[in-house]
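Have a look at the structure below, then the notes.
The shown structure was predicted, so the numbers you read here are calculated from the model rather than taken from an experiment. Letters A, B, ... mirror the listed sequences (proteins, then strands); counts begin at 1.
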Amino acid sequence: MEFSVNQIAGILNGAVVGDGSLLINNLGKIQEAQQGTVSFLSNPKYENYIYSTQATAVIVSHDFSPKKALNTTLIKVDNPYSSFTQLLEEYHKIISFQKSGVENPSFIGENSTTGANIYRGAFSYIGNHVSIGNNVKIYPHAYIGDYVHVGNNTIIHPGVKIYAQTKIGNHCVIHAGTVIGSDGFGFAPQPDGTYKTIPQLGNVIIEDHVDIGANSVIDCATLDSTIIRNGVKLDNLIQIAHNVEIGQNTVIAAQTGVSGSSKIGENCIIGGQVGIIGHLEIANKVSVAAKTGISKSVKTEGQILMGMIGFDRKSYLKSYAIFRNLPELQDRLKELEEKIVNSRTS
Amino acid sequence: MEFSVNQIAGILNGAVVGDGSLLINNLGKIQEAQQGTVSFLSNPKYENYIYSTQATAVIVSHDFSPKKALNTTLIKVDNPYSSFTQLLEEYHKIISFQKSGVENPSFIGENSTTGANIYRGAFSYIGNHVSIGNNVKIYPHAYIGDYVHVGNNTIIHPGVKIYAQTKIGNHCVIHAGTVIGSDGFGFAPQPDGTYKTIPQLGNVIIEDHVDIGANSVIDCATLDSTIIRNGVKLDNLIQIAHNVEIGQNTVIAAQTGVSGSSKIGENCIIGGQVGIIGHLEIANKVSVAAKTGISKSVKTEGQILMGMIGFDRKSYLKSYAIFRNLPELQDRLKELEEKIVNSRTS
Amino acid sequence: MEFSVNQIAGILNGAVVGDGSLLINNLGKIQEAQQGTVSFLSNPKYENYIYSTQATAVIVSHDFSPKKALNTTLIKVDNPYSSFTQLLEEYHKIISFQKSGVENPSFIGENSTTGANIYRGAFSYIGNHVSIGNNVKIYPHAYIGDYVHVGNNTIIHPGVKIYAQTKIGNHCVIHAGTVIGSDGFGFAPQPDGTYKTIPQLGNVIIEDHVDIGANSVIDCATLDSTIIRNGVKLDNLIQIAHNVEIGQNTVIAAQTGVSGSSKIGENCIIGGQVGIIGHLEIANKVSVAAKTGISKSVKTEGQILMGMIGFDRKSYLKSYAIFRNLPELQDRLKELEEKIVNSRTS
């Protein structure tokens, strides 16, 4: 994917100083940039790098005037940092959606439909009665079971497995290896010590603008639906059990697990390696520190929790500080005990 | 998959009141049911829903008599809840085993055999010298290495990877993305700070009626076998290291890890995000609370453990309650210290 | 893969006593060996097994003289244990690299090159502008995105997904289901409570002699590179976030997570289920106990850390021992309080 410096200046509404016909195929930091890269100079303390950079072009402020000779083309804009960010976003969008067409061999079952401008990578699998929207990108080795619905502008990365009956909205991104719709973990103990499978016949519903990291798992509900609401962001290696509901705009970091039937509020921020036991309700805007265990419902909006059995974060930190000094505290107690004994016996 | 109301009543030995020719393609709760769904009414407090439900049919007790007009067909039975459960189980069985035949392209190596009524999904891979039993369902993108044996009635979901030499029994279910037989994590430190690989040449043996969740990993043994006994239930994202043995009917929740050569007893219940270090023995019927770390062998049958370094659960909860109040306890100690000093100086 | 006893004796520079033409296809412990197996006898307390073993051949010391009749062929060497280890290593190397050629169907894009003696399993996918070195083994369902580079003698197990732009060195092993190069978890909060994606345009660089377990995830950097240095060993289900750097010869056990931009030193040993928060630096040769949380940089080389909020391991164990006895400590405090009150009121 190559653009001329002039094209990039056009996107940014900037002025070119130097050779605008040079070609750009990458974006990078000024101190590490190679030929073909466009970079930016925002913070004056990095100015020295611009005189030695290998970058083909550098985005600078309109009021930048070089103190030495330059080997790079300048693109002058109002705010170099936000222009660079804008460029990153445009570039990311182009990269993300550039694949299109159908690679062979790929598989599509009966009564399934796909929209316009779709990508179906080689070895991707679409079952029967599937409907796929416009501009959806299905990478190689993705598996989409029967009766699945996928909305528009959703990206399904390599090796994602989506079980039958799952519904996925618009503008979602699902990273490689993630599994959606596997059976909930439900087994009924029998008198002889064995377990009988409790059938898991529900599905998973993922609304719009949801991002899911790599190798995560979202189980289907026992009867109705496990639900991931609009704008939820899930990191890698996350476990979402059956019948869970995650409220909109909640963010969950890697390796966290949410047990069956728990309901997480909106706009929560949940750290990595957190464990939430089953059948709880977590209020909106709750924060949970990494590694915390949540063992009962959290009813106060905006609370911040921490600890193996989580409670108020500040209180936890105070207790933990004393925990670190427990040997000293024990010594003080012992000293007191001796004084008391001495004062009695003396 | 469609059945008439009459067919369902036949399975349940129930009596139809209304139109028995209507078609059913789903099971659901009475308050959420759509057309085509069969539901049930067991708890009288849900009775109101039956007068407005969209369900095509509702399973009710023989002694149910409607107080208003109904828009749904009734199936009258002795115990609506257990009839519905029976229906779920039948339906689940049918759904689970409905796929059959060979989709193309799929791959099967030399000297490999498959039994009757098998499903081999598109892009599934079977290596050389593999034997697969009857009624086995191998979903798309599943990988089965050389010399693997799979028993009868086992379901291998999409993208499962089974390394060479693995043995899997009958009536097992392995969910998407799970890896069985990858190399144990064994590296010998060298004098120069590098590590040398310790070859892992053993395998994994999975006995009968074992369920394994999605994206879990079971490593092969160094020389002999990592063993998962009859009736074990493993959730998602679980790590089972080399040479581990899990006793029969033990249940392990998501994101738990068992380190190398540890031997877990029978009928244990192990929570989520538990870590068990290597070379331990855990007795039968032991329970381990979520997030617990087990750092030494557990010899007492039926013990319940909890904590970062796990010990008796009740004791842990007592200690943790005091941990939460450590600031207050420290204040009391300080107060005592001051009293003692005052009583001496006064 | 079969060898004669004579061939094996040749590799080990050993002397055959018995029938050297017998065929060997497996290695195993003397007490469990089957026909076709070569085993070893090193520890004299296992001597009894040699008289009843089913092993076709047993490696023994030159000075071993049987006290009873033998049914097995002997291979006499200087040090039976190290000879057996040598055999394991040779056998492992042969097994690991035995696959070769291209199975069909497999996919390779435009402008991609592969070296000599390569294996491309059925349903493996290689994108455009990819370069693959000599003696690389790419198992079925592996996905290799555009512009990826893979060095020589690297093994990519089934279902590994390598995103575009990743660089992988020589002599690496990547186990099944692992994802390399997925988007870093970066989202900028917006005033309305939603999140905007921060484009992740960097890549992952994996140097030489790196081993990565199954179903792990390594995210790409935001702009430059997430880097895994020479000789790093990562276990299963590990999370490495964007912009992380892992120093050479560092070993990390299963289910550990390293958050964004943290830099781990060389020759560290990090246990399982550890969590390391973002933007930290960990010195060389640091050890971290299983389940520990690291919340600030570790500057002292060789430190050993433990705990939910990790600190010195010995101190943690002292504090934890008192934590276990907190109920007793609280009772002692209460007793003292009562004594003080009594001494004042008496």
Cut-off 3.5 Å, side chains only: do [X] and [Y] have a donor facing an acceptor?
X	Y	result
C/Asn203	C/Ser225	yes
C/Asn243	C/Thr222	yes
C/Thr226	C/His242	no

For the residue pair A/His157 and A/Tyr139, categorise the inter-ring angle as parallel (less than 30°), tilted (30 to 60°) or perpendicular (more than 60°).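 Aromatic pair A/His157/A/Tyr139 classed parallel.
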What class does the angle between the rings of A/His141 and C/Tyr125 fall in, given that below 30° is parallel, 30 to 60° is tilted and above 60° is perpendicular?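 Perpendicular.
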Can you tell me which of [options] forms the most heavy-atom pairs within a distance under 4.5 Å of chain A?
options	answer
C/Gly193, C/Pro189, C/Ala321	C/Gly193
C/Leu223, C/Leu201, C/Thr197	C/Leu201
C/Val179, C/Thr194, C/Ile322	C/Ile322

For [X], which atoms come within 4.5 Å of any heavy atom of chain A: side chain, backbone, both, or neither?
X	result
C/Val160	neither
C/Asp219	side chain
C/Asn104	neither
C/Ala188	neither
C/Asp146	side chain
C/Ser216	backbone
C/Gln200	backbone

What about the rings of [X] and [Y], do their centers lie closer together than 6.0 Å?
X	Y	answer
A/Phe323	A/Tyr320	yes
C/Tyr143	C/Tyr163	no
C/Phe187	C/Tyr195	no

So which part of [X] gets closer than 4.5 Å to some heavy atom of chain C, the side chain, the backbone, both or neither?
X	value
A/Lys285	neither
A/Asn230	neither
A/Leu317	side chain
A/Ile269	side chain
A/Gln330	both
A/Glu89	both
A/Asn267	side chain
A/Gln273	side chain
A/Leu336	both
A/Pro105	side chain

A/Val288 side chain reached by A/Ile270 side chain, heavy atoms, under 4.5 Å: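 With C-beta onward as the side chain, the pair touches.
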Option that, when pairs with chain C are counted at under 4.5 Å, heavy atom only, ranks first among [options]:
options	value
A/Lys93, A/Gln248, A/Lys99	A/Lys99
A/Glu103, A/Lys29, A/Met306	A/Glu103
A/Asp211, A/Leu27, A/Thr292	A/Asp211
A/Ala290, A/Pro140, A/Gly272, A/Ser96	A/Pro140
A/Leu326, A/Val173, A/Leu329	A/Leu326

Side chain to side chain contact (heavy atoms under 4.5 Å, CB included) evaluation trace for C/Ile212 with C/Ile180: CA-CA 10 Å; C/Ile212 305 177; C/Ile180 299 175; 4.2 Å; yes
Any donor-acceptor pair under 3.5 Å from [X] side chain to [Y] backbone:
X	Y	result
C/Ser319	A/Pro327	no
C/Lys161	C/Gly159	yes
C/Ser259	C/Ala241	no

With side-chain contact (heavy atoms from CB on, under 4.5 Å) as the test, pick out the partner of C/Ile218 among C/Val258, C/Ile246, C/Ile240.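 By the side-chain contact (heavy atoms from CB on, under 4.5 Å) criterion, C/Ile218 pairs with just one of C/Val258, C/Ile246, C/Ile240: C/Ile240.
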Inspect the surroundings of CZ in A/Arg313 and state if more than 12 heavy atoms from other residues, nucleotides or ligands are less than 6.0 Å away.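 Result for CZ/A/Arg313: open.
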